[in-house]
**Student:** 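Mind having a look at this structure? Questions to follow.
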Amino acid sequence: GTKGWEPLCGYYHRSCLPGLHRQMAGSNRSFQSWLAKIPITPYRLLPASMLFNCNTPNDWGKVK
């Protein structure tokens, strides 16, 4: 299926802060939900393999 963005690997302009504060103050504090509300521009100059999301021993086996 389609995966969401990895928020840690992102640059956010300070103009995003008011919307993020509103999101965190509300009942839905999902960062992914907030990301769906702002314009996103993927940074494509890095190979996708550099940003591989490694969460399990099986994932680690893929990058070793």
Side-chain angles (χ1 to χ4, degrees):
T2 302
K3 293 185 178 185
W5 295 98
E6 288 297 331
L8 183 61
C9 298
Y11 295 97
Y12 304 96
H13 192 272
R14 67 178 144 246
S15 64
C16 294
L17 278 174
L20 179 59
H21 286 163
R22 282 191 299 277
Q23 181 81 15
M24 295 300 117
S27 60
N28 179 1
R29 293 190 290 271
S30 163
F31 201 87
Q32 290 291 342
S33 176
W34 175 73
L35 283 176
K37 298 174 187 175
I38 63 171
I40 302 289
T41 303
Y43 185 74
R44 301 198 187 278
L45 296 179
L46 293 173
S49 61
M50 282 186 72
L51 300 175
F52 179 71
N53 190 9
C54 187
N55 292 315
T56 67
N58 189 43
D59 290 344
W60 178 243
K62 294 175 187 176
V63 297
K64 285 173 65 177

**Student:** Identify, with sequence neighbours excluded, every residue that meets side chain to side chain donor-acceptor pair (under 3.5 Å) alongside Asn55.
**Tutor:** Asn53
**Student:** Which pairs pass side-chain hydrogen bond (donor to acceptor under 3.5 Å, both in side chains) with one or both residues in residues 35-45, sequence neighbours excluded?
**Tutor:** Gln23-Lys37
**Student:** Could you give the side-chain donor-acceptor pairs of residues 8-18 under 3.5 Å, partners two or more places apart or in another chain?
**Tutor:**
{"unit_1": "Tyr12", "atom_1": "OH", "unit_2": "Pro7", "atom_2": "O", "d": "2.9"}
{"unit_1": "His13", "atom_1": "ND1", "unit_2": "Ser15", "atom_2": "N", "d": "2.9"}
{"unit_1": "His13", "atom_1": "ND1", "unit_2": "Ser15", "atom_2": "OG", "d": "3.0"}

**Student:** Taking all atoms of both residues into account, what is the closest heavy-atom pair of Leu20 and Phe31, and its distance?
**Tutor:** CD1-CE1, 3.9 Å
